[in-house]
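What you are looking at is a predicted structure, and each value in this text was computed from that prediction instead of being measured. Positions are given from 1 along the sequence.
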Amino acid sequence: MAADSFRDYLRLLADNDALVTFDEPVSWDLEASAITMLANRTDGEVPLFESVGATDGDAALVGDPYRGPRSRPWDHLAQAFGLSAGLSGAAYYDAVVDRLRSPREPRLVDPERAPCKDVVHTGGEVDLLSFPWPYVHRSDGGRYSNLHTIVAPDPETEWGRWSSHRMMLHDDALASLLFLAGEQVPNRYYYEYEPRDEPMPVAAVVGAEPAVQCSTEMWIPTGRSEAAFAGGLKDRSVDLVACETNDLYVPATAELVIEGHVLPNERLDEGPFGDYFGYMNGPRRSMPVFAVDAITHRTEPQVPFCVEGTGVGYGQNSSSTLQTAAAGPDATLGLQAAGFDVDAAVPWRFTSRTVWVIATERSYPGVLHELANFVFTTWGMLHIDFFVFVDATVDAHDPRAVLSAIALNADPDTDFHQFGVERMPKVPLNIYQTPDEKGSADVGTSKAKTAKAYIDATSDRPADDDAETETESLRARAQQLLVDAGVSPEPFDLLEQRQYGGGD
């Protein structure tokens with residue numbers, strides 16, 4: 001059965017010996033994030049901190065709960081969607097793409113039946129700092145919530161728009177949101193609400209069920225609802241409930257919901273922050289103000305957080321896993337729907353928001369340039385710097401296979417391509433940008449442009465169907481022999497990686 005709440009998901013982790021509980025008090029000030037960072041680096045269990053010191057409420061912290069095992073990062077989320085454990089990357093993508101082809105409209109529930117309404121605080125009762133928001137990195141500008149779903153209005157859908165924008169806490173009722181122009185929800189604020197001098201209603205949903213958190217990471221097209229695709233992911237409708245102080249709907253089983261408005265023409269400092277690139281992103285910038293109107297939550301809420309940029313070369317955290325397990329299948333379906341012959345679009349695990357691998361057939365000259373241009377000029381233009389194109393027969397989920405394809409097939413003289421100098425927009429988070437290039441504080445965007453690029457690591461040789469069939473037959477036979485001998489039921493390619501000390 002699919003997980004219908006964040007707590008269901010934590011129980012699933014515990015049943016699989018993938019969760020470790022800390023009973024002794026820990027500090028939200030670096031200690032919880034340090035323990036989480038070590039768990040990420042060592043591929044250890046997800047830490048649940050039941051007691052957090054120096055906070056007023058009975059709330060717990062959960063460090064990087066969506067991080068998956070390194071051999072199969074999607075494994076925990078697959079089980080959260082009611083899929084089998086142990087799926088290969090290709091099998092997982094096929095199953096999720098199939099689910100996404102059948103969105104399910106959400107179901108409204110009565111507020112009295114919504115767990116996120118166990119406790120309701122409005123007006124002067126609101127106190128953001130009563131919850132154990134972590135101070136994640138030593139040089140961060142403040143305490144953050146960075147693993148949540150922002151719900152915003154959308155005139156084209158009944159259920160609003162869901163997206164992900166980190167939030168820095170300032171006091172008991174104010175926060176700043178990292179709104180970068182070029183993304184759908186910030187664009188609505190900068191170019192619709194603020195010019196009309198109107199506050200934009202939003203809700204920050206903390207500790208939503210896995211299908212909700214995954215749909216937040218997807219590039220759902222305008223006019224479509226993330227809520228429906230979340231229902232498709234788990235193969236049944238997501239329960240929503242009306243907010244207390246605005247007209248938005250939020251996931252009913254969430255741990256914590258923060259309702260409020262993004263104020264027009266007002267800014268608060270945001271950052272610096274240890275970002276997903278693996279370095280401290282700065283300088284401190286001004287970002288729109290989130291004024292809190294109400295907080296509702298479950299009894300003893302459990303608050304998830306992500307240690308972004310666990311370290312250069314250590315991409316395995318909730319952020320990278322959600323990109324691989326959610327954004328990747330969604331992009332694969334989107335490219336197929338656009339008419340491209342794509343087997344898989346897979347974020348590179350170690351730089352999951354900037355480099356992607358696309359396994360495809362080069363059906364005619366120029367198709368790779370056309371495909372890269374399509375993505376750069378639509379949903380991937382801000383974050384993705386370059387693509388690696390490999391043959392459809394290459395496992396795009398296997399970093400070693402992709403590097404081998406680059407080494408064997410990519411000619412540095414003819415197969416490395418740019419889209420012109422300073423043509424494409426870029427998110428203002430890169431280490432190579434100067435503070436001046438990071439741009440305008442008014443709309444949170446970058447003045448710098450980037451070239452964007454792709455590597456053609458496909459083979460020029462036509463596939464030998466007979467040889468390919470024979471190879472697959474031999475691999476299948478070898479795997480069956482291993483299973484019959486009781487050696488391991490794991491996929492043969494994983495055993496090969498272990499033989500050579502490879503994998504990640």
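If you check the side chains of E105 and W159, you find a donor sitting under 3.5 Å from an acceptor. If you check the side chains of S33 and H137, you find no donor sitting under 3.5 Å from an acceptor. Residues N265 and D197 have side chains that bring a donor and an acceptor to within less than 3.5 angstrom of each other. Between the side chains of E370 and Y364, at least one donor-acceptor pair of N or O atoms lies under 3.5 Å. Side chains of T157 and S225: no donor on one and acceptor on the other come within 3.5 Å. Side-chain atoms of D64 and N40 form a donor-acceptor pair, as typed in the model, at a separation below 3.5 Å.
The shortest distance between side-chain heavy atoms of P288 and Y189 falls below 4.5 Å. Counting heavy atoms from C-beta on, the side chains of V289 and L263 come closer than 4.5 Å. Between P186 and H165, the closest side-chain pair of non-hydrogen atoms falls below 4.5 Å. Taking the side chain as every heavy atom from C-beta outward, S145 and V206 approach each other to under 4.5 Å. F416 has its side chain out of reach of F386: every pair of non-hydrogen atoms, C-beta onward, lies at least 4.5 Å apart. Counting heavy atoms from C-beta on, the side chains of V151 and Y249 never come closer than 4.5 Å. Two residues are said to be in side-chain contact when any heavy atoms from C-beta on lie closer than 4.5 Å; C214 and L233 meet this criterion. Counting heavy atoms from C-beta on, the side chains of H76 and Y66 never come closer than 4.5 Å.
The residues D235 and R104 are annotated as salt-bridged, a charged nitrogen and a carboxylate oxygen being separated by less than 4.0 angstrom. A salt bridge links R267 to E194: at least one charged side-chain nitrogen sits closer than 4.0 Å to a carboxylate oxygen. The existence of a salt bridge linking E308 and R166 is excluded, since no basic side-chain nitrogen approaches an acidic carboxylate oxygen closer than 4.0 Å. Taking 4.0 Å as the cut-off between side-chain N and carboxylate O, E156 and R161 do not count as a salt-bridged pair. Residues D154 and R188 are paired through a salt bridge, judged by an N-O separation under 4.0 Å between the basic side chain and the carboxylate.
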- Stepwise, does the side-chain contact (heavy atoms from CB on, under 4.5 Å) test hold for V355 with D385? CA-CA 6 Å; V355 181; D385 274 344; 5.6 Å; no
- Query: So F179 and V185, side-chain contact (heavy atoms from CB on, under 4.5 Å) or not? Walk me through it.
  - Reply: CA-CA 8 Å; F179 270 12; V185 168; 3.9 Å; yes
- Task: Assess whether ring-ring contact (aromatic ring centres under 6.0 Å, His included) is satisfied between Y454 and F389, documenting all intermediate values.
- Result: CA-CA 7 Å; Y454 68 90; F389 291 106; 5.5 Å; yes
- Give the C-alpha distance, both sets of side-chain angles, the deciding distance and a yes or no for side-chain contact (heavy atoms from CB on, under 4.5 Å) between L177 and M287. CA-CA 6 Å; L177 289 169; M287 282 289 153; 5.9 Å; no
- Message: Assess the residue pair Y93 and H397 against the criterion (side-chain contact (heavy atoms from CB on, under 4.5 Å)); give the C-alpha distance rounded to whole Å, side-chain angles, the decisive distance to 0.1 Å, and a yes or no.
- Response: CA-CA 10 Å; Y93 266 48; H397 304 272; 3.2 Å; yes
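Across every non-hydrogen atom of A39 and P47, the tightest pair is CB-CD, 4.3 Å. Of all heavy-atom pairs between A405 and V390, the closest is CB-CG1, 3.9 Å. Taking all atoms of both residues into account, the shortest heavy-atom contact from A331 to W356 is CB-CZ3, 3.5 Å. Across every non-hydrogen atom of D269 and M168, the tightest pair is O-CE, 3.4 Å.
For the atom pair OG1 of T324 and CD of E217, the computed distance is 10.5 Å after rounding to the nearest 0.5 Å. For the atom pair CZ of F229 and CH2 of W162, the computed distance is 12.0 Å after rounding to the nearest 0.5 Å. Atom CD1 in I455 sits 12.0 Å away from atom CG in L368 (nearest 0.5 Å). Summarising the geometry, atom CZ belonging to R362 is positioned 3.5 Å from atom OG1 belonging to T458; distances are rounded to the nearest 0.5 Å. Annotation: the span from F340 atom CZ to L335 atom CG amounts to 7.0 Å, rounded to 0.5 Å. Rounding to the nearest 0.5 Å places SG of C306 at 13.5 Å from OH of Y144.
R196 forms a cation-pi arrangement with Y193, by the criterion of a distance under 6.0 Å to the ring centre and an angle within 45° of the ring axis.
Residue pairs meeting the side-chain hydrogen bond (donor to acceptor under 3.5 Å, both in side chains) criterion with at least one member in residues 335-347, sequence neighbours excluded: R101-Q336.
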